2 protein chains.
Amino acid sequence: MRIGCGAARIPRPDPVARGAHAVRGHSVSVVTGKRRSATNPVTIGDIARVAGVSRSTVSRAFSRPEMLSGETVHRVRAAADQLGYVVNHAARALSTGRFGNIAVVVPDIANPFFPPLVRRVQTLADQADYAVFLGDSDEIADREANLTSRLSAQVEGFVLAAPRLDEQRIRELDAQRPVVLVNRDIEGLARVLIDPSGGLDEAVAHLHRLGHRRVVYLSGPRESWSDQQRRAALNRAAERVGIEVAVQELGRPSSTGGRDAVGGILASGATAVIAFDDVVAQGVLAGLALRGIAVPRDISVIGCDDTLASGTNPALTTISAASAAAGEAAAELLLARLADAERPAERVAIATHLVVRETTDAARPAARE
Amino acid sequence: MRIGCGAARIPRPDPVARGAHAVRGHSVSVVTGKRRSATNPVTIGDIARVAGVSRSTVSRAFSRPEMLSGETVHRVRAAADQLGYVVNHAARALSTGRFGNIAVVVPDIANPFFPPLVRRVQTLADQADYAVFLGDSDEIADREANLTSRLSAQVEGFVLAAPRLDEQRIRELDAQRPVVLVNRDIEGLARVLIDPSGGLDEAVAHLHRLGHRRVVYLSGPRESWSDQQRRAALNRAAERVGIEVAVQELGRPSSTGGRDAVGGILASGATAVIAFDDVVAQGVLAGLALRGIAVPRDISVIGCDDTLASGTNPALTTISAASAAAGEAAAELLLARLADAERPAERVAIATHLVVRETTDAARPAARE
DNA sequence: GTGAAAGCGCTAACAC
DNA sequence: GTGTTAGCGCTTTCAC
């Protein structure tokens, strides 16, 4: 048994002994008799002891070094480095309310629209010393609600990308923690909106010029703001030039969904397809290929989001969406808001345009006309 | 001044008055007069007051309801629901050491190999009531180190996917918190390994059968275990059948990297290309198309990971990698470990095979031979 | 410039 | 079965 450790409670025998045994309340094999703290391997108290100062001083050395003598700061920092200290944000948050965490919630991280967005958010957050939680709602509003409420006690703010939640719940969340929306337009909230109308106007004009008079729109999820915008913008543009639009409901955007929609597309008699996104469009391409229907000879296909680059077969004409740019704008909005609570909730709009691929133009006068 | 509140310290006057003042230390514009607690809007103490029980009882009603009378549990839960209570995991962690968080760290979330993996991890974690942090190291070992150390005080464990960190630092991390590796083989650590040899054997046999005798391998990042494995497995298989392999170093896998490699590929005189992953292979396809070189007539291309489905042009022959399956296995390993600390670190292997696309077989006898 | 003490929200020995 | 008390790691008045 060790003797002579005068401290009121012996915090931690020594670096080696530390880290060896179980958690409070559990009787784990006590053979070694060692145990590390519930959370941090090295705490402010450890540093205080080594540096010969109080815990407050150590704390200040990190958060308000200007309050301390340079000498002290240096000594504390040295001790911290030596011990390998890393701040416990959770504990800090308990007293400051600042977690140093934000959350990004998406409907489906496997949908190629979102990874570039998430990546930008993560990068900017990291630069501002925030860590990021990722929530994947699987396109389900209630799961999104669970995620956000679960997370709200650990984050300072949210980026909700294409949220499926109803407006009411989003407003409630925003009342708790600052929220930045991507592709969802709620008055008074910070939001980044990708406006599809520019790209769709061009797409419709393009199709019209090529002789198409009837197109089918393969929709996205009902809850999707983007889908609503695209639908509306398409109808407006089509009406203007005298093109007829038939909508085919698809729900969750997926390649198989697009493939399975081919039957309906052909039955509709349309000569061109505009898909909710590139993933769906790619499925359509695959489905058409299976039936031996040639694109663009027999039918034209246009996607949205420009997520598949020129990788499809044939290379897909699409409408740009700039998801990374949206992620960047969202992160900036949120971080600025966290840095300055008084900042008003801004609204950022991102324009789109038609991207016609060089290799093959998916839009052509339909042979069946 | 309020009198008669016998408690040693007055916790909080009442629900309305609460939230009425500024953040500790900050003098915020008090016009609205509203302000919530540093972290949670409603705490265990609030519930205790409403339900007329002690805070411990409230706590127990959630963590160990079987200790309490059904009546009490019910009353507490009712009060909690009414107030809209959500547990503060950070505070809980401070006393239990259990955060209810895990972290997934990837080199590049925009690389299509990772989203399905991350998604599976997130889904399984969610089911076990864990929230997940996402770290994107941008392929940089030091950033990965920062992320993991930053996060280690808020998570119970890590999934490190294709980590770029050196073995030593990974071991140190694992000593702090359980780590599960994906595509990195470190003895004694839990890991999920996708074994490329099956698929590469098939690919090489396939190419050999078609008459190819010289292939170029477009490598991945040096730090990548997967790349090392693929390189080695390819060399073994090639040697066996008498095919010559030229390696072209590429670093970070990207479509543009693949496209820019085309010059070197052509100069090498090889008749087939095996790329580190599908993204690179797609870039090669694009680069070849730009030069008017036909695949598979003039040269054959095979990818890895099967991340682009049949969306490339022409549809890409590739080697399966099952990133979702890897994510699932990794999550299971980690969650099992968290539920039972005594569990040994397992090693899971995932086999691969060659996926020859229906539309067009990218491997053919080279015309230039 | 630095230390003592209280407290963030929660859990867990230890009474009763 | 339930309340009391102490304490997780950190910050922050308030003294000195």
Side-chain angles (χ1 to χ4, degrees), chain A residues 8-9 11-12 22-27 35-48 51-76 80 85-100 153-154, chain B residues 7-12 18 22-27 36-48 51-76 80 85-100 153-154:
Chain A
R9 56 179 167 99
R12 222 160 265 153
V23 184
R24 224 160 91 187
H26 295 253
S27 62
R35 235 214 95 232
R36 75 163 69 98
S37 105
T39 53
N40 267 35
V42 18
T43 75
I44 258 192
D46 299 333
I47 301 175
V53 296
S54 73
R55 288 159 58 218
S56 346
T57 300
V58 175
S59 172
R60 286 192 270 251
F62 293 112
S63 35
R64 296 174 165 44
E66 68 282 5
M67 284 183 64
L68 269 34
S69 82
E71 211 277 309
T72 312
V73 172
H74 187 267
R75 195 149 37 100
V76 170
Y85 172 75
V86 342
V87 59
N88 182 331
H89 285 261
R92 167 182 290 180
L94 218 45
S95 78
T96 60
R98 309 205 59 249
F99 294 89
Q154 318 194 56
Chain B
R9 60 185 162 96
I10 305 161
R12 217 165 268 148
R18 251 194 344 103
V23 178
R24 233 158 82 182
H26 294 252
S27 62
R36 69 174 66 97
S37 104
T39 54
N40 267 34
V42 21
T43 74
I44 259 193
D46 300 332
I47 301 175
V53 296
S54 74
R55 288 157 61 217
S56 351
T57 300
V58 175
S59 172
R60 286 191 271 251
F62 292 112
S63 36
R64 295 174 164 45
E66 68 282 4
M67 283 182 64
L68 267 36
S69 83
E71 211 278 309
T72 312
V73 172
H74 187 266
R75 194 149 37 99
V76 170
Y85 171 75
V86 342
V87 59
N88 182 332
H89 285 261
R92 169 182 289 179
L94 217 44
S95 79
T96 60
R98 310 203 57 250
F99 294 89
Q154 322 195 51

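Side chains included, hydrogens not; waters and symmetry mates left out as well; all remaining heavy atoms used. If you're wondering where the values come from, they're calculated on a predicted model, not measured in any experiment.
Here C:dG1 is the nucleotide among C:dA4, C:dG9, C:dG1 with the atom lying nearest to any side-chain atom of A:Thr72. Distance from the side chain of A:Ile44 is smallest for D:dC10 among the nucleotides C:dA4, D:dC10, D:dG3. Considering only side-chain atoms of A:Leu94, the nucleotide from D:dG3, C:dC8, D:dC10 that sits closest is C:dC8. With C:dC8, D:dG3, C:dG9 as the candidates, the nucleotide lying closest to the side chain of A:Ser95 is C:dC8. For A:Thr57, whose side chain is taken as the heavy atoms from C-beta onward, the closest listed nucleotide among C:dT2, D:dT11, C:dC10 is C:dT2.
The two residues B:His89 and A:Gln154 have their closest heavy-atom pair at CB-NE2, 3.8 Å. Nearest approach of A:Ala61 to A:Val76, heavy atoms of both residues: CB-CG1, 3.6 Å.
A:Phe99 contributes atom CZ, which lies 8.0 Å from atom CG of A:Leu94 (distance to the nearest 0.5 angstrom). Taking CD1 of A:Ile47 as the reference point, atom CZ of A:Arg75 lies at 13.0 Å (rounded to 0.5 Å).
Between B:Thr43 and B:Asn88, every side-chain heavy-atom pair lies at or beyond the 4.5 Å cut-off. Contact check for B:Ile44 versus B:Tyr85: side-chain heavy atoms found under the 4.5 Å cut-off.
Remark: the B:Ser56 side chain and the B:Ser59 side chain contain no N/O donor-acceptor pair separated by less than 3.5 Å.
For the helix from C:dG1-D:dC16 to C:dC16-D:dG1, the rotation axes defined at the first and last 5 base pairs enclose an angle of 40°, given to the nearest 10°.
The shortest distance between the side-chain N/O atoms of B:Ser54 and the OP1/OP2 oxygens of D:dT4 is not below 4.0 Å.
For the segment residues 58-71 of chain A, residues with any heavy atom less than 4.0 angstrom from an atom of DNA chain C are, sorted by number, A:Arg60, A:Met67, A:Leu68, A:Ser69.
As rounded to whole Å, 16 Å separates atom P of C:dC10 from atom CZ of B:Arg98. Protein atom CZ of A:Phe99 is 14 Å distant from nucleotide atom C1' of D:dG9, rounded to whole Å. Between the C1' atom of D:dC8 and the CZ atom of A:Arg55 lies a distance of 10 Å, rounded to the nearest Å.
With respect to B:Arg60, the side-chain contact (heavy atoms from CB on, under 4.5 Å) criterion is satisfied by exactly one of B:Val53, B:Val73, B:Leu68: B:Leu68.
Projected onto DNA chain D by closest heavy-atom contact, B:Arg92 and B:Val73 fall at different nucleotides, the more 5' of which corresponds to B:Val73. With DNA chain D read from its 5' end, the first of the two nearest nucleotides for B:Ala91 and A:Ser56 is the one closest to B:Ala91.
The closest donor-acceptor contact from the side chain of A:Arg55 to the backbone of A:Gly45 lies at 3.5 Å or more, if one exists at all.
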